[in-house]
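To start, the structure itself, in structure tokens.
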Amino acid sequence: MLVRLLYASRPTETSPCDLVQSILQASRTHNPAHGITGVLCHTDQVFIQVLEGGREAVNALYGHILKDTRHKDVMLLDYEEIQERRYPSWTMGQANMARINPSTVLKYSPLPVLDPYTMSGKMLLSLIDELMATASIVGRT
């Protein structure tokens, strides 16, 4: 059983550059052995992460994220059973959303500012799909 989980959170640090690298490194170390793939989108104010994999592994990782002191205001935005992965070759892709054209965000959001707490999970997944199609996401295996 494959699932896809999408959540948003806020970094606890005011300058999260090192934090993003820490999360990516931990993901790239942990995820292959547990069959988890996904993508981390971020700004200085917010994280959006998609996790894909077996239900037990994804649920366990999300439980760990809920307790992770690097995050606050963790909110589950979408969770679904899936037939296939969107990111099968990425242990964790990355997109700096602060560099995305505001008009791209406006296609999926009420305002041209990324605020996942005011967007539906499906709209965020569509935005991430567009970023993937335009090579705005850096994939890492």
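- Under the 4.5 Å side-chain criterion, counting only non-hydrogen atoms from C-beta, Y7 is not in contact with L66.
- For the atom pair SG (C41) and CD1 (I100), the distance works out to 8.0 Å, reported to the nearest 0.5 Å.
- Checked by atom type and distance alone, the side chain of S22 never pairs as donor or acceptor with a backbone atom of D18 at under 3.5 Å.
- Counting only N and O atoms by type, the side chains of Y108 and D129 include no donor and acceptor under 3.5 Å apart.
- Distance check: E81 CD to M1 CE gives 4.0 Å after rounding to the nearest 0.5 Å.
- Rounding to the nearest 0.5 Å gives a distance of 6.5 Å between NE2 of H42 and CG of L24.
- In this structure, the separation between CG on L61 and NE2 on H34 is 9.0 Å, given to the nearest 0.5 Å.
- Exactly one residue among L6, T43, L77 makes a side chain to side chain contact (heavy atoms under 4.5 Å, CB included) with P116. That residue is L77.
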Determine, stepwise, if the pair R86 / L125 fulfils side chain to side chain contact (heavy atoms under 4.5 Å, CB included). CA-CA 10 Å; R86 287 184 176 172; L125 287 169; 3.2 Å; yes
How far apart are the C-alpha atoms of I128 and Y87, what are their side-chain angles, what is the distance that settles it, and do they pass the side chain to side chain contact (heavy atoms under 4.5 Å, CB included) test? CA-CA 11 Å; I128 294 168; Y87 323 106; 3.3 Å; yes
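- At a cut-off of 3.5 Å, with distance as the only test, no side-chain donor of E130 or S126 sits close to an acceptor on the other residue.
- When the side chains of ILVMFWY residues are joined at heavy-atom separations under 4.5 Å, either directly or via intervening members, L2 and L76 end up in two distinct hydrophobic clusters.
- Side-chain atoms of V46 and M97, non-hydrogen and from C-beta on, never get closer than 4.5 Å to each other.
- In this structure the side chain of L114 reaches within 4.5 angstrom of the side chain of I48, judged on heavy atoms.
- Between R55 and Y79 there is a side-chain heavy-atom pair separated by less than 4.5 Å.
- Annotation: the span from M92 atom CE to T37 atom OG1 amounts to 7.5 Å, rounded to 0.5 Å.
- Between the side chain of R4 and the backbone N or O of V50 there is no donor-acceptor pair closer than 3.5 Å.
- Between atom CE of residue M119 and atom CG of residue L111 there is a gap of 10.5 Å, rounded to the nearest 0.5 Å.
- Side-chain atoms of R10 and M75, non-hydrogen and from C-beta on, never get closer than 4.5 Å to each other.
- Under the 3.5 Å distance criterion, the side-chain polar atoms of T12 are matched with a main-chain donor or acceptor of T69.
- Heavy atoms only, all atoms of each residue included: D44 and P11 are closest at O-CG, 3.5 Å.
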Under the side chain to side chain contact (heavy atoms under 4.5 Å, CB included) criterion, do E84 and E52 qualify, and how do the steps go? CA-CA 9 Å; E84 62 183 31; E52 298 175 324; over 6 Å; no
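- Listed by first and then second residue, the side-chain hydrogen bond (donor to acceptor under 3.5 Å, both in side chains) pairs involving residues 116-125 are D78-K122, E80-K122 (not counting sequence neighbours).
- Between V20 and F47, some side-chain heavy-atom pair lies under the 4.5 Å cut-off.
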